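Below is one structure, written out as structure tokens; the observations come after it.
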Amino acid sequence: MMKTTIPSSIHIHVAIMLFSLLGGLSSAQLSTNFYSKSCPSALSIIKSGVISAIKAETRMGASLLRLHFHDCFVNGCDGSILLDDTSTFTGEQTSLANNNSIRGLNVIDNIKAQLENSCPGVVSCADIVAVAARDSTVVLGGPSWNVLLGRRDSTTASISAANNNLPGPNFNLSALLSSFSKHGFSARELVALSGGHTIGKARCTTFRSRIYNDTNIDPSFASSLQGICPRSGGDNNLTPMDPTPTKFDNCYFRDLLKKKGLFHSDQELYNGGSTDSIVKTYTFNPSIFSKDFADAMLKMSNLGPLTGSSGQIRKNCGKVN
Ligand code: HEM
Ligand SMILES: *[C@@H]1O[C@H](CO)[C@@H](O)[C@H](O)[C@H]1NC(C)=O
Ligand SMILES: *[C@@H]1O[C@H](CO)[C@@H](O)[C@H](O)[C@H]1NC(C)=O
Ligand SMILES: *[C@@H]1O[C@H](CO)[C@@H](O)[C@H](O)[C@H]1NC(C)=O
């Protein structure tokens, strides 16, 4: 009887509200202790794999952090970036931002092989990537966060979603803000997450137009980079992302104040616009940056996970079971 007195439009509204509430809470199905019974050594296996990979090549820590970002911004943190192309399938690895650029796939594969030895078919590739990003950050001196676990792996990947969702180094501030707000991130979170550029290296092709054509760049910084990045050729020549590329610190932000951001997109965060004050906060208060970075990474790692019976636990991260 009550029911008939409620207009059907209210029913629809309630249904929509419940639906979006559930969508927003989908990470509630993830938990820090997801593997505590099924694979108690999961976290220590991942951590030792990350430590030995970074010991072999320090840059790998940066590459693993970036891998997680590029997984999560493309249809959620579902391991889709790990799927290799085949003769009948094109995945995300050759997308604009990933081609000749993403690294660390072998490290994830090696860790996965060890996990399959200890607890076959249990730990997802998406979770390995999420934990490896956190462990890498910690090993290089950055903050920690408690990764929620229980993501499952996608059975597909999308090159067009990768092309449409991963920001490029020539983006201006409004394009960066809109790219991040599409995934629910504020301006402050955009700036905090961009602080990931405190570690790692970049190829000439990603900063060439900045060092030859931008005006908001320190001239001596530009000319020193021109030495390793010619107007043509040398596309894959590398330069550090900031002066301390193996230390997770706040040098990246200090450099922005000096017009020494490596990418056009980096310098856009401090170029007389609305995010200048956040860059200053992170420059003068490294502990605020650390806290904001960890919080934003946790939020990013919870983007659109597959849970329950969605997706699968891949046996081999590079291909669908
Ligand atoms: C804000 C928009 C962003 C843009 C436009 C951008 C763009 C880029 C580009 C062009 C490179 C160099 C790739 C190459 O040389 O092949 C790079 C490297 C890197 N990015 Fe970003 N990125 C962004 C945000 C992020 C975020 C949110 C993170 C992590 C939290 C991140 C972490 C890294 C790391 C660690 C590297 C170095 C990777 C390595 O040495 O292998 N980036 N980024
Ligand atoms: C990826 O890079 C390779 C090697 O430089 C190139 O041959 C190929 O065309 C690129 N793929 C795409 C989709 O851009
Ligand atoms: C920023 O870039 C977008 C996309 O390229 C462009 O449409 C827009 O006009 C640019 N905005 C500013 C303020 O330069
Ligand atoms: C710099 O800008 C000019 C004019 O738009 C363009 O022709 C040239 O290719 C650019 N150079 C680089 C290295 O991006």
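As the structure lists them, so they are numbered: ligands from 1, and atoms in each ligand from 1. All heavy atoms count here, side chains included; hydrogens, waters and symmetry mates do not. The shown structure was predicted, so the numbers you read here are calculated from the model rather than taken from an experiment.
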Exercise for review: Could you say whether the N/O atoms of Asn100 and ligand 1 ever approach to under 3.5 Å?
Suggested key: no
Check your understanding: Of the protein's non-hydrogen atoms, which lies at the shortest distance from atom 30 (C) of ligand 1, and what is that distance?
Key -> Leu193 O, 3.4 Å
Check your understanding: Do other residues, nucleotides or ligands put more than 12 heavy atoms under 6.0 Å from Lys47 NZ?
Key -> no
Point to revise | Ligand-residue contact atoms, ligand 1 with Ile199, heavy atoms, under 4.0 Å | key: 35 (C), 37 (C)
**Study point:** Note, Leu43 side chain near Leu149 side chain (heavy atom, < 4.5 Å)
**Key:** yes
Point to revise | Atoms of ligand 1, numbered as shown, that sit under 4.0 Å from any heavy atom of Gly196 | key: 35 (C)
Review point. Which of these, Asp235, Asp85, Asn99, Thr94, has its nearest heavy atom closest to atom 11 (N) of ligand 2?
Key: Asn99
Review point. What is the closest protein heavy atom to atom 5 (C) of ligand 1, and at what distance does it sit?
Key: Gly168 O, 3.1 Å
Point to revise | Centroid-centroid distance, Phe253 to Phe284, less than 6.0 Å | key: no
Check your understanding: Got Gln312 and Val320 here, is their nearest side-chain heavy-atom distance under 4.5 Å?
Key -> yes
**Study point:** Atoms in ligand 3 flagged as close to Ser174, the criterion being non-hydrogen separation under 4.0 Å
**Key:** 1 (C), 11 (N)
Practice item. Around atom 35 (C) of ligand 1, find the nearest protein heavy atom and jot down its residue, atom name and distance. Key: Ala62 O, 3.2 Å
Review point. Which one holds for Leu238 and ligand 1: side chain close, backbone close, both close, or neither close, with close meaning a heavy atom under 4.0 Å?
Key: neither
Check your understanding: For residues Ser154 and Arg314, is any side-chain donor paired with an opposing acceptor at under 3.5 Å?
Key -> yes
Review point. Protein heavy atoms: any of them under 4.0 Å from atom 14 (O) of ligand 2?
Key: yes
Check your understanding: Side-chain donor-acceptor pair under 3.5 Å between Asp85 and Thr90, yes or no?
Key -> no
Check your understanding: Does the side chain of Ile81 reach to within under 4.5 Å of the side chain of Val74, using non-hydrogen atoms?
Key -> no
Review point. In the protein, what heavy atom is nearest to atom 5 (O) of ligand 2, and what distance, to one decimal place, separates them?
Key: Asn100 ND2, 3.2 Å
Revision key, fill the gap. Contact region, Met300 to ligand 1, non-hydrogen atoms below 4.0 Å, reads neither
Exercise for review: Kindly state if atom 9 (O) of ligand 3 has a protein heavy atom within a strict 4.0 Å cut-off, that is, under 4.0 Å?
Suggested key: no
Check your understanding: Out of Arg66, Arg203, Glu189, whose heavy atom sits nearest atom 15 (O) of ligand 1?
Key -> Arg203
Check your understanding: How far is atom 41 (O) of ligand 1 from its nearest protein heavy atom, and which residue and atom name does that atom have?
Key -> Ser63 OG, 2.7 Å
Review point. If you count the atoms of ligand 1 from 1 in the order shown, which ones are under 4.0 Å from a heavy atom of Gly200?
Key: 37 (C), 40 (O)
Review point. Would one find an N or O of Ser265, backbone or side chain, under 3.5 Å from an N or O of ligand 1?
Key: no
Check your understanding: Is there a donor-acceptor pair closer than 3.5 Å between any side-chain N or O of Thr206 and the backbone N or O of Ala202?
Key -> no
**Study point:** Closest protein heavy atom (residue, atom, distance) for atom 11 (C) of ligand 1
**Key:** Phe263 CZ, 3.3 Å
Study note, to complete from the structure: Scanning both residues in full, the closest heavy-atom pair of Ala222 with Ile217 reads CB-CD1, 3.9 Å
Review point. Does ligand 1 have an atom that lies less than 4.0 angstrom from a heavy atom of Phe180?
Key: yes
Check your understanding: Mind checking whether Phe171 has a heavy atom under 4.0 Å from ligand 1?
Key -> no
Check your understanding: Is a side-chain donor or acceptor of Glu92 paired with a backbone partner of Ala162 at a separation under 3.5 angstrom?
Key -> no
Review point. Ligand 1 and Arg103, any nitrogen or oxygen pair closer than 3.5 angstrom?
Key: no
Point to revise | Closest protein heavy atom (residue, atom, distance) for atom 24 (C) of ligand 1 | key: Phe69 CE2, 3.3 Å
Check your understanding: Any side-chain donor paired with an acceptor under 3.5 Å for Arg66 and Asn98?
Key -> no
Exercise for review: Assert yes or no for the condition that the ring centre distance of His264 to Phe207 is strictly below 6.0 Å.
Suggested key: no
Practice item. Say whether Thr32 and Asn146, considering side chains only, have a donor N or O and an acceptor N or O under 3.5 Å apart. Key: no
Revision key, fill the gap. For Ser80 and Asp71 the tightest heavy-atom approach is N-OD1, 3.2 Å
Review point. Under 6.0 Å between the ring centres of Phe289 and Phe248?
Key: yes
**Study point:** For Arg59, the ligand 1 atoms whose distance to one of its heavy atoms is below 4.0 Å
**Key:** 39 (C), 40 (O), 41 (O)
Check your understanding: Nearest to atom 43 (N) of ligand 1 by heavy atom, Glu57, His68, His197: which?
Key -> His197
Revision key, fill the gap. Near Ala202 (heavy-atom distance under 4.0 Å), the atoms of ligand 1 are 12 (C), 15 (O)
Exercise for review: For Leu176, take its heavy atoms, then give the atoms of ligand 1 lying under 4.0 Å from any of them.
Suggested key: 1 (C), 2 (C)
Review point. Can you find an N or O of Ser101 that's nearer than 3.5 Å to an N or O of ligand 1?
Key: yes
Practice item. Identify, by atom number and element, the atoms of ligand 1 in contact range of Ser194, meaning under 4.0 Å from any of its heavy atoms. Key: 1 (C)
Practice item. Please report the C-alpha distance between Asn99 and Gln93 in whole Å, then the side-chain angles of each, then the deciding distance to 0.1 Å, and finally whether the side-chain hydrogen bond (donor to acceptor under 3.5 Å, both in side chains) criterion is met. Key: CA-CA 6 Å; Asn99 199 22; Gln93 295 174 8; over 6 Å; no
Point to revise | For atom 3 (C) of ligand 1, the protein heavy atom that lies nearest, with its residue and separation | key: Pro167 CG, 3.8 Å
Review point. Is there a donor-acceptor contact under 3.5 Å linking the side chains of Asp266 and Tyr252?
Key: yes
Review point. For atom 12 (C) of ligand 3, which protein heavy atom lies nearest, and how many Å away is it?
Key: Asn172 ND2, 3.3 Å
